[in-house]
Amino acid sequence: MSDATDPWLIVGLGNPGPDYAANRHNVGFMTVDLLATRIGGKFKRAQKAQAQVVEGRIGPPGPGSRRVVLVKPMSYMNLSGGPVTALRDFYKVPLDRVVAVHDELDVEYGSLRLKLGGGDNGHNGLKSMTKAMGPEYHRVRFGIGRPPGRMQVADFVLKDFSSTERKELAFLVDRSADAVECLLAEGLERAQSAYNS
């Protein structure tokens, strides 16, 4: 079990590079980018892994603040487990203090679900993390809904959000970042009752 002084590893899942930046598959990156802005940090290349990191504190100054390492794996989605495990080892983070923020097909657009552990539901980033570390880490699942018509899932997740979706996107990413902060400050049950919709 984790100790109160242990850091949290907040992993935004996504693909590196400008071609992918606005894809549905990159809402994890979008969320940790916002968290980095909130704590006044800039992502830099990690020494020990193929990733970008920001170190800082989330929450009010004093004993209520939480030490965090924000992570964007630069390995592409389906190889996320390697960089995350390397950073987890380097920062000595217990598995129950790892949080993956990711897109979720089986949650409608605009909704969030937080949980601890579980399967990967075909998500290659989660599959890679679970294979490397086991499943007992936290997830902040950002709903993107199912592809329309006969569109393939792979095509759907690698497309940018639609113009209609983009009208709400900044608000929803903000809410996703709030949910991460609530999870760290108040625990999973409180965060679930506040943000699961």
Side-chain angles (χ1 to χ4, degrees), residues 1-14 26-44 46 49 51-73 80 83-85 87-104 107-118 120 123 125-126 129-130 133-144 168-197:
M1 274 307 278
S2 53
D3 180 87
T5 58
D6 288 330
W8 287 80
L9 205 64
I10 314 299
V11 181
L13 290 177
N26 272 44
V27 291
F29 275 18
M30 295 172 199
T31 300
V32 294
D33 280 338
L34 179 56
L35 287 167
T37 301
R38 288 183 181 182
I39 65 175
K42 280 200 173 1
F43 277 96
K44 60 184 194 300
Q52 292 183 353
V53 296
V54 172
E55 295 179 53
R57 299 192 84 84
I58 284 179
S65 78
R66 303 286 185 263
R67 198 173 136 225
V68 295
V69 183
L70 305 174
V71 180
K72 294 196 293 187
S80 301
V84 174
T85 303
L87 290 168
R88 187 180 156 230
D89 291 347
F90 178 70
Y91 289 103
K92 300 181 171 49
V93 179
L95 190 53
D96 66 348
R97 291 225 169 185
V98 175
V99 181
V101 185
H102 63 93
D103 57 304
E104 178 59 61
V107 175
E108 67 184 44
Y109 181 68
S111 294
L112 292 174
R113 297 271 196 289
L114 285 80
K115 70 175 190 170
L116 174 63
D120 58 56
H123 191 290
L126 296 180
M129 282 180 62
T130 297
M133 304 184 301
E136 290 304 307
Y137 52 90
H138 287 89
R139 296 103 189 275
V140 175
R141 303 158 72 207
F142 187 116
I144 61 168
E168 282 188 288
L169 185 59
F171 166 77
L172 297 172
V173 170
D174 199 59
R175 196 163 175 271
S176 175
D178 289 348
V180 172
E181 292 190 357
C182 183
L183 170 64
L184 271 53
E186 301 184 45
L188 180 60
E189 282 186 30
R190 291 289 293 275
Q192 285 173 324
S193 63
Y195 290 95
N196 279 17
S197 52

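What you see below is based on every heavy atom in this structure, not just the backbone, and it leaves out hydrogens, waters and symmetry mates.
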Between Val101 and Met30, is any pair of side-chain heavy atoms under 4.5 Å apart? no
Between Glu55 and Tyr91, do the side chains contain an N or O donor and an N or O acceptor separated by less than 3.5 Å? yes
So, Tyr195 and Ser176: side-chain donor and acceptor under 3.5 Å apart, yes or no? no
Other residues, nucleotides, ligands: >12 heavy atoms within 6.0 Å of Arg190 CZ: no
For the CD atom on Glu108, are there more than 12 heavy atoms of other groups (residues, nucleotides or ligands in this structure) within a distance under 6.0 Å? no
Calculate, to the nearest 0.5 Å, the distance between atoms [atom1] and [atom2] belonging to [X] and [Y] respectively.
X: Lys115; Y: Leu188; atom1: NZ; atom2: CG; result: 11.0 Å
X: Tyr137; Y: Asp96; atom1: OH; atom2: CG; result: 14.0 Å
X: Ile39; Y: Leu34; atom1: CD1; atom2: CG; result: 10.5 Å
X: Ile10; Y: Arg66; atom1: CD1; atom2: CZ; result: 11.5 Å
X: Glu186; Y: Gln192; atom1: CD; atom2: CD; result: 13.0 Å
X: Ile58; Y: Leu70; atom1: CD1; atom2: CG; result: 5.5 Å

Test Val69 against Val93 for side-chain contact (heavy atoms from CB on, under 4.5 Å), laying out the working first. CA-CA 10 Å; Val69 183; Val93 179; 5.8 Å; no
Main-chain N/O of Asn26 paired to Asp103 side chain as donor or acceptor, under 3.5 Å: no
Treating Arg141 as the side-chain partner and Val107 as the backbone partner, does any N or O pair qualify as donor plus acceptor under 3.5 Å? no
Nearest heavy atoms of [X] and [Y], plus distance in Å:
X: Pro83; Y: Ala51; answer: CB-CB, 4.3 Å
X: Leu13; Y: Ala100; answer: CD1-CB, 4.5 Å
X: Glu136; Y: Leu116; answer: O-CD1, 3.7 Å
X: Val27; Y: His102; answer: CG2-C, 4.0 Å
X: Ala179; Y: Leu112; answer: CB-CD1, 4.0 Å
X: Leu114; Y: Ala191; answer: CD2-CB, 3.7 Å

Regarding Arg175 and the six-membered ring of Phe171, is the cationic atom NZ or CZ under 6.0 Å from the ring centre and inside 45° of its axis? no
Go through Leu35 and Val68 one step at a time and tell me if the side-chain contact (heavy atoms from CB on, under 4.5 Å) criterion holds. CA-CA 10 Å; Leu35 287 167; Val68 295; over 6 Å; no
Under the criterion side-chain contact (heavy atoms from CB on, under 4.5 Å), I'd like the reasoning laid out for Val173 against Phe29: C-alpha separation, chi angles, the key distance, then a yes or no. CA-CA 10 Å; Val173 170; Phe29 275 18; over 6 Å; no
Would Lys72 and Asp33 satisfy side-chain contact (heavy atoms from CB on, under 4.5 Å), going step by step from the backbone distance to the final call? CA-CA 9 Å; Lys72 294 196 293 187; Asp33 280 338; 2.8 Å; yes
Could you check Glu104 against Arg139 for salt bridge (charged side-chain N to carboxylate O under 4.0 Å, His left out), going step by step and ending with a plain yes or no? CA-CA 10 Å; Glu104 178 59 61; Arg139 296 103 189 275; over 6 Å; no
Could you check whether the rings of His138 and Trp8 sit parallel, tilted or perpendicular, using 30° and 60° as the cut-offs? tilted
